[in-house]
Structures are given as structure tokens and as C-alpha cells.
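See below for the structure under consideration.
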Amino acid sequence: MPHAPRFLRSGLAAAVSLAAWQVAAAAEPAMSTMVITAPSMSDPYTISTDTRTPQLSMPAADGGAFLKSIPGFSVSRKGGTSGDPELRGLGGSRLNILADGANILGGCGGRMDPPTAYIFPQAYDRVEVIKGPQSVRYGVAPAGVVRFERDKPELIASTVEGFASTTLGSHDRLDLVGDMTAGNPEGYVRLIGTLSDQDNYEDGDGNAVRSEYNRWSGTAIVGWTPDPDTRIEFAYDRSDAEAAYDDGRPLDGTVFDRTGYTLTASRRNIAPWLSEVEAQIYYSYVDHVMDNFTLRTPPTSPQGQPMLRLGNPDRRTIGGRLAAELELAPTIQMAVGMDYAENRHSNRGGVDYREKERGRNAEFKDYGVFTEVEQALSERSWITLGLRVDRARVESLNGLNDEDGLYGDADLGETSRSTQWSGFARYEYALEPQPLSLFAGVGRAERAGDHWERRWVFDLETETLNQLDSGASWNGDRLSANLSLFHGWYDDYILIDERNGQDKVRNVDARTYGLEADMRLRLTDSWDLTSTLAWVHSNNDTDDLPLAQTPPLEATLGLDFARNAYFGGMLLRGVARQDRIAEGQGTIYSLDIGETPGFATVSAYGGRELFGNTTLTLGVDNLFDRTYAEHIQRGTTEMLATDRVNEPGRIVWANLTTRF
């Protein structure tokens, strides 16, 4: 369906403009997309996609693998799961990850457990990506914000509904997902469970890659809706996993234990000028264990004794948010709010770690206030302004040594404080009668150094991105297309530099620019042609070098078919050579270690709607069994990884999904 501009969705347009868009929607032939080959942008700076529709490549087991299917994203692979995602060459704390509104932070100093390692995509209903500094509502991150969201039931009668999915694939891949909601207009209970298991896979040359894993999660949600405008909801999340990593990594992840609680209360239609108020508090605790003997045979000393290694970092995060939606005038909407998050990191080690006290490394506290205002300037144009102020505080605690803290170069008890200013201004215009909308914006995102960066240099300058964004959307009867352009300047970009043989962090100035584009063309009532493109070019101006860990040019071309109960299609993915590198430099999750050749892969799928809302999908990824590795790939020297991990060879899979 054509994507209407924001002011139409808000009810601010004249009836004649709305009617024109409705005619365009009615003229579009109905065609269900049974497999997502590449999620498209809902506008040039936002992507929203369903987590429960099968996708190419095969349905994802964790949040990072799911994001890899979205144009502009890359993932630094370690094995079969727990990859570290990045957008436009920016990851780590430059990409804010939220799970139903709550921050999730990993514990491992080598990013063995990034936030997406604790996210099970099909335990959520949808994923929304806001690219670049084009919103201040959900924290500040230069790359953007990723929100894994669960929809809130709106029940008008006693109801039992649910979702179930089973995926089987090569290398003994097994995924099970179950979701059931029961309730009535006064309240509901929702139960969600997931399980994912896989053995080691083989690359295109038939070489085994250590990549086995087992993951499970459980969620219980209870909601009370005493009237249509009031909701109080409590959610409990529990999950665990273990994962073997490639031989180049000396440790495996043997425990990914997470417990989370979230309490949300909201009230709508409070006054003519106050549309909604929502308050949320959350708690997340991650307990992570990594060792070299549970899932592999440990090395031995010259005397023949096993050399056992084990680390047990953890992370406790507590936070909250209060936000309100206001109608200041028929053409002016405002969002205001505040949020708070604090997290404490600690560590202990040794085979007898359970008998030891934890050494606290650092404690982080962040306060933020924000406002966004959207005003319609005419029936076809509107402007959005946002401003956010954050106050960050980090304290070095006793770490592993009571004398000096051993946290970066900080003294015991040393504290760093900073204030960050972020904001944006965006102008949007919808042409008429053409189904074309345009936007241009300028944004600023400022952030303080995170836990991983401060482990080497405690007192870093804050990193600031000033960026110009522009784009266009076309939503016609047969053609829908989006183009997003960006050009940004970094002051005090936080760079990892290991060229001297040891981890080091410093601030540099940098520039980045690029684009993303997608297109869907209705060839006939049964055939669609799709295409995507993502490209980014970044420079380290201080060192006069390319900015390390910039992904290469990537494009896809797909052909989809759907008629009656049958559907199918193919997807060609091509990635260019990356020779713009800076060896020994990079990020908290990966470094440049050499140039990477280009490659191309082909995936295919087919399926049928069986009965009711049940669908069977068969797929094959890497059809021609190519051997290749992604450019964004390698961990820091702490992980002692010097070689890239090859991607899986040919994988055959089947998915059975039903909704009731």
C-alpha cells in the first residue's frame, strides 16, 4: 500500500489529498509477501518490518542475524550466533538497541555478548529502525536506533489467539517459537517461548566452522486494561544460551543468562491537549560465562596439564522513562519526556569462579530529557524539530585490583562527567498529484565513551556527529522506491588503534557519506521485482586514512512470485571488494586486518498456504555453495582473532508457520 506522508497519518491533511492517496492504494493489486527478501524503508529514514514472516536468508536465531537482512546493516561474525551488528559502518554504542523499550547491555569486554545476543527476534512482533540523528525520543546514537517491539493487545471480546513456527535446516538447525494471548477487554495474559539449536556448519569448501549453539527464551506478560484508554502491563523475560566460536577465538560463550522485568503504565485521551502519557521502569541482569574447556578441548602446558581459562563478567541495568504526547494545536504535535539508566559492570574468573566475590569495574549513570515538535506548514508540507540533553556520569570502581582499579587508566574512584547536546530539524514535502514525498534534515548526535572504550582510556572526549540527511519516496500504483542520502562530520570520533601492538583508544576527526535505496516494481499481478543498494564512504581525517571497518558496496536483486496459494522467488546478493582499509584500526568489536574480495550469492524460496493461516516455506541459501567471508568480521586482539570466519555454504531449510 502506498506510504502516506506523516501529516496525512496524523489527520492534518485536507480531504482531497487523502482521497488521492486512497485512490492510489485501491489501484494497487493485492499480493501477499510470504518471504521478506529485503525489508523496505517506510520512509527514507525509517524501516519497519515484521519479525515473524520468513526471510532470506533463513529465519534468524538472534537479533544481529535478523538485522543483517536489512539494507545498510552488517554483522561481525564470531560463529553461528551472537554477531555484532552495525549500520552505515557504525555499531557498538553508536547503534542504540532497545528491547520493548528497555536497554540491554552485554558484559564481555571483547563483545562476545552484544545486546542482540540476548534478543530472540520472533519473541517480538516487529522491528523499527530509525537511521541517523533523526529522532531524540529513544536516546542518542550516531548510527540510529533499533527498536524490537511487542504490540499491545486491543481486545474487544474474550479472545484466544496465537502464533507458532517451526524451522528445520541443514546442520541440524531447529527453531521452535510459540506465542499465545488470552484475555478480554479488561486484561490479558501473553506467553512466548523460543528455542534455537544448531551444530557446526560448513563453508563452501566443506570446511567445518565451529559454530554450534543452543538458545532458549521465555516471556510472560500480564496486562490490565480497566477501560479502553488505560493500560498497566508487567513483562518478565528469561533466557540462556551457549555458543561455540571459531578456532581463532580462544574462548566460547558457555552461559548467556539474562533476567529482565518491565513495568509499563499508560493513559490516553486525558485532555484535549494531552493525548497520552506513558511511564516505564525496567531491570535487566546479564550473567555471562566464557571458557576454553566446556565446548572444546583446552590447550595443555609443556608438562601436559590442561590450561583452563574462564571469565564471568556481568551487567546489571536499571532504567525508566516518562513520556507524553501533546496536541498543542490542530497542526502542532509535541512529544516530551525524560529517561534514566544506570548500569554496573563487574567481573570474576577462574574455574572456581562461583566461590569468588565479584570485582566491580565501573558504574554508569545517564539522565536525559527530550522534546520533539511536529508542525504542518500546509496541506503538503511539515517540519519536525527535536532537542535532547543528556548528562552522563561514570565512576571507576575496584575492578580486579583493590589498589588501582585497573579500569582504563583511571584511579580508584575516579569519576568522569559530561553533558551531551543532540537535536535535529527536518523538513518534509509531499508533491501532488504525484505520489512523491521529499525530506531534508540536519542532525547532531553527541555521545560519551562507553564501557568497552573506557577500559583502555577512561577520560575520553565526547564524540559528536553533525549530519545532513535527505531523501525521497515514490509510492505509485506499480512502483514503490526510497532513496536516502547522508553526509556527516565527526568531531572526536572514538577510534580503536592497535598498530603499536596493544589496545589503545583515541579521538580523531572523521567524515562519512553514503546512501541506501530500495525499489519494488510490480511487473504483473503475480510477479514483483525488488532491488536494494547500500554504500558508505568514510575517512579518518586526522590520520589521512580510510576510516577502519567501513563496509563495502552491497546490492540485491530479487524476483518474487505469488498467485493463489503459491509463492516463490530468488534473491541475488552482490558485495564489492573492500580495499579502503586501515590495518590495526577499528572499533570495539572489529578491526581492519586486510582487504576483502567481492562475492555474490543466490538464495531461493518457494511455498504454499496450506489451510487457514498456516504457511509452509522451503528455502535454500547460498545456492551455489560459494566460499566467502564478510568484511566486517573480526574481534579485537583480546579475542586473539587474526583470520576471518567464512560464512555458511549451501543451507537448505523449511519453515512451517501458523496463526490462530
Hydrogens and angles aside, do [X] and [Y] bring a side-chain donor and acceptor to less than 3.5 Å of each other?
{"X": "N655", "Y": "T657", "value": "yes"}
{"X": "E446", "Y": "S422", "value": "no"}
{"X": "Q198", "Y": "E212", "value": "no"}

Could you check whether [X] pairs with [Y] (Lys NZ or Arg NE/NH1/NH2 to Asp/Glu carboxylate O, under 4.0 Å)?
{"X": "R231", "Y": "E154", "answer": "yes"}
{"X": "D151", "Y": "R190", "answer": "no"}
{"X": "R150", "Y": "E233", "answer": "no"}
{"X": "R447", "Y": "D366", "answer": "no"}
{"X": "D175", "Y": "R173", "answer": "yes"}
{"X": "D50", "Y": "R659", "answer": "yes"}

When rounded to the nearest 0.5 angstrom, what is the spacing between [atom1] in [X] and [atom2] in [Y]?
{"X": "L656", "Y": "T614", "atom1": "CG", "atom2": "OG1", "value": "6.5 Å"}
{"X": "L195", "Y": "S239", "atom1": "CG", "atom2": "OG", "value": "12.5 Å"}
{"X": "D229", "Y": "N269", "atom1": "CG", "atom2": "CG", "value": "4.5 Å"}
{"X": "Q549", "Y": "E86", "atom1": "CD", "atom2": "CD", "value": "6.5 Å"}

F660 meets the ring-ring contact (aromatic ring centres under 6.0 Å, His included) criterion, sequence neighbours left out, with none

Taken in chain and number order and not counting sequence neighbours, the residues that satisfy ring-ring contact (aromatic ring centres under 6.0 Å, His included) with F424 are none

Does some side-chain heavy atom of [Y] sit less than 4.5 Å from a side-chain heavy atom of [X]?
{"X": "Q333", "Y": "W382", "value": "no"}
{"X": "I494", "Y": "R94", "value": "yes"}
{"X": "V75", "Y": "F73", "value": "no"}

Shortest non-hydrogen contact from [X] toward [Y]:
{"X": "F256", "Y": "Y245", "result": "CZ-OH, 3.5 Å"}
{"X": "S346", "Y": "R360", "result": "CB-CA, 3.7 Å"}
{"X": "G187", "Y": "L155", "result": "O-CD1, 4.2 Å"}
{"X": "A143", "Y": "L87", "result": "O-CD2, 3.5 Å"}

Sequence neighbours excluded, the answer for side chain to side chain contact (heavy atoms under 4.5 Å, CB included) partners of T194 is F120, A123, V177, S217

Hits for side chain to side chain contact (heavy atoms under 4.5 Å, CB included) against E149, two or more places apart or cross-chain, chain-then-number order -> D100, R126, R147

Who are the side chain to side chain donor-acceptor pair (under 3.5 Å) partners of [X], not counting sequence neighbours?
{"X": "D84", "value": "R111"}
{"X": "E278", "value": "none"}
{"X": "N103", "value": "Y282"}
{"X": "D240", "value": "none"}

Point to revise | Geometric cation-pi criterion, R426 with Y45: 6.0 Å, 45° | key: yes

Who are the salt bridge (charged side-chain N to carboxylate O under 4.0 Å, His left out) partners of [X], not counting sequence neighbours?
{"X": "D227", "value": "R267"}
{"X": "E325", "value": "R137"}
{"X": "E342", "value": "R316"}
{"X": "R315", "value": "none"}

Salt bridge (charged side-chain N to carboxylate O under 4.0 Å, His left out) with D287: of R238, R348, R258, R358, only one passes, and it is R358

